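Along the sequence shown, residues are numbered consecutively beginning with 1. Numbering of ligands and ligand atoms starts at 1, following listing order. Quick caveat, the model's predicted, so the values are computed rather than measured.
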Amino acid sequence: MAIFRRLDPTRMPEHVAIIMDGNGRWAGKRSMKRFVGHKQGAESVQFVVETASRINLPWLTLYAFSLENSLRRPRLEVSFLMRLLSSYLASNVERMNDNNVRIQYIGRTAELPSEVRDRMEWAAEATCRNTGTTLTLALNYGSRSELVDAVRALAREVEQGLLRPDQVTEHDIERHLYTRDMPDPDLLIRTSGEMRISNYLLWQIAYTEIFVTERLWPDFRGSHLLEAIEAFGARNRRFGGLSESEGGALAGSVLVPR
Ligand code: FPP
């Protein structure tokens, strides 16, 4: 792929997060049922995971199922998505192993149906020794509920006398997020052109570069991931500091007023 050769190895993201959107519209445009769009979307997942592995991307996090999805979609669609996830895992664990991909999950996964949880645990266990890309599926995930869970855990620490309220730092919050062992995303991709974050990784994307494409998720392929990464490579990340041309070595550093 020509675009692969254009990627600058010194400007690669460590963590890419994706909001996969547009399955329903993809199906609607073809006068098909939404289910068909979701099925095609699961194919895109595998293309993107394998491309991520090929370019040695350490972290890929996909928004597969939000808390709002489970509350606001018809029961039939929710149960179809659950079955699709189960069958995706069953059919792709071997390919994940071939590609050295480890799978894990974030979200209120304890609330998912037990047969889905069993399949998820099986897939995580079967891939846990892989050392390439970590694929994180956000399932029954909502960023606000993640923060609620973190605040509850911190409140318990305060109650037990392990922490004083005025001692709480950003690090304390981070160590209670589902993503505690992961770096923050460098790049967030959203498909289908919507300019929304949809309750995804709100804390973690404070300094993340955002890339929105009009392409619907079922049409998204590895080459589109590479296009987004190429665009990321051309961005000037400032982290609230100065760019290299403005402040040289100060870029990205925290300025402490004297
Ligand atoms: C949004 O499309 C997409 C989802 C509900 C989540 C993504 C789900 C998949 C890609 C299915 C398979 C996932 C895995 C991990 C196997 P939408 O229905 O909101 O689209 P619309 O906005 O066009 O209606």
Side-chain angles (χ1 to χ4, degrees), residues 16-53 59-96 99 101-109 111-113 115-124 126-127 133-143 178 188-201 212-222 224-225:
V16 175
I18 306 184
I19 302 176
M20 308 182 286
D21 194 16
N23 296 352
R25 270 162 286 171
W26 185 92
K29 277 182 166 182
R30 291 162 178 77
S31 310
M32 291 168 163
K33 297 230 186 297
R34 298 175 55 78
F35 304 101
V36 184
H38 291 318
K39 239 175 129 197
Q40 195 59 36
E43 302 282 320
S44 301
V45 168
Q46 196 50 26
F47 283 121
V48 167
V49 170
E50 290 185 16
T51 300
S53 146
W59 301 90
L60 174 69
T61 301
L62 304 180
Y63 205 1
F65 189 68
S66 70
L67 267 178
E68 289 72 23
N69 287 159
S70 55
L71 298 173
R72 299 194 186 139
R73 298 215 173 193
R75 271 224 321 267
L76 214 62
E77 182 168 344
V78 172
S79 67
F80 178 83
L81 283 167
M82 290 294 108
R83 285 200 307 280
L84 185 60
L85 170 66
S86 271
S87 78
Y88 169 79
L89 294 174
S91 342
N92 287 291
V93 156
E94 207 176 310
R95 286 171 73 168
M96 284 181 205
N99 287 283
V101 171
R102 173 174 77 112
I103 190 164
Q104 63 172 19
Y105 317 96
I106 54 171
R108 289 191 174 164
T109 54
E111 294 167 8
L112 295 173
E115 59 282 8
V116 177
R117 273 187 284 127
D118 289 348
R119 184 62 63 79
M120 287 163 56
E121 267 172 42
W122 165 80
T127 60
T133 301
T134 297
L135 167 64
T136 305
L137 294 184
L139 290 165
N140 211 29
Y141 175 86
S143 192
Y178 309 147
L188 171 68
I189 301 172
R190 179 163 191 146
T191 61
S192 93
E194 304 291 349
M195 299 288 180
R196 282 193 292 275
I197 300 297
S198 300
N199 202 15
Y200 191 41
L201 302 172
V212 176
T213 169
E214 291 292 327
R215 198 172 298 279
L216 304 176
W217 177 253
D219 288 327
F220 198 88
R221 294 289 172 267
H224 306 123
L225 172 67

Contact check: E77 vs ligand 1, nitrogen or oxygen atoms, below 3.5 angstrom: no
pair L84-K39: side-chain heavy atoms closer than 4.5 Å: yes
CG (L76) with more than 12 external heavy atoms under 6.0 Å: no
Of the listed options V45, I19, I18, closest to atom 14 (C) of ligand 1 (non-hydrogen atoms): V45
Mutual orientation of the aromatic rings belonging to W217 and F220 [parallel < 30°, tilted 30-60°, perpendicular > 60°]: parallel
Minimum-distance protein heavy atom relative to atom 22 (O) of ligand 1: R25 NH2, 2.9 Å
Residue portion contacting ligand 1 (non-hydrogen atoms closer than 4.0 Å) for W217: side chain
Distance-only N or O hit between ligand 1 and L85, under 3.5 Å: no
Pair T127-R102, side-chain donor/acceptor within less than 3.5 Å: no
Short N or O distance, R34 and ligand 1, threshold 3.5 Å exclusive: yes
Side chain to side chain, T191 and D219, heavy atoms closer than 4.5 Å: no
Interfacing atoms of ligand 1 (cut-off 4.0 Å, heavy-atom, R73): 5 (C), 17 (P), 18 (O), 19 (O)
Neighbour count above 12 (heavy atom, 6.0 Å) for E94 CD: no
Polar proximity ligand 1 side, Y63 side, N/O cut 3.5 Å exclusive: no
Heavy-atom nearest neighbour in the protein, as seen from atom 7 (C) of ligand 1, with distance rounded to 0.1 Å: A64 O, 3.6 Å
Worked check of side-chain hydrogen bond (donor to acceptor under 3.5 Å, both in side chains) between R221 and S44: CA-CA 6 Å; R221 294 289 172 267; S44 301; 3.1 Å; yes
Closest protein heavy atom to atom 2 (O) of ligand 1, given as residue, atom name and distance to 0.1 Å: N23 N, 3.3 Å
Close side-chain approach of V48 and L60, heavy atoms under 4.5 Å: yes
Plane angle bin for Y200 and Y63 - parallel if under 30°, tilted between 30 and 60°, otherwise perpendicular: parallel
S70 and F65, any side-chain heavy atoms less than 4.5 Å apart: yes
Numbered atoms of ligand 1 (with element) below 4.0 Å of G24, judged on heavy atoms: 17 (P), 18 (O), 20 (O), 21 (P), 23 (O), 24 (O)
Interfacing atoms of ligand 1 (cut-off 4.0 Å, heavy-atom, L84): 11 (C), 12 (C)
Heavy atom of F65, distance to ligand 1 below 4.0 Å: no
Proximity to ligand 1 by part of E68, non-hydrogen separation under 4.0 Å: neither
N/O separation below 3.5 Å, Y88 to ligand 1: no
Those residues that, when tested against Y178, pass side-chain hydrogen bond (donor to acceptor under 3.5 Å, both in side chains) (two or more places apart): D149
Protein contact to atom 3 (C) of ligand 1 [nearest heavy atom, distance to 0.1 Å]: M20 O, 3.2 Å
Subset of ligand 1 atoms that lie under 4.0 Å from at least one heavy atom of H38: 5 (C), 11 (C), 18 (O)
Proximity flag E194 to ligand 1, non-hydrogen atoms under 4.0 Å: no
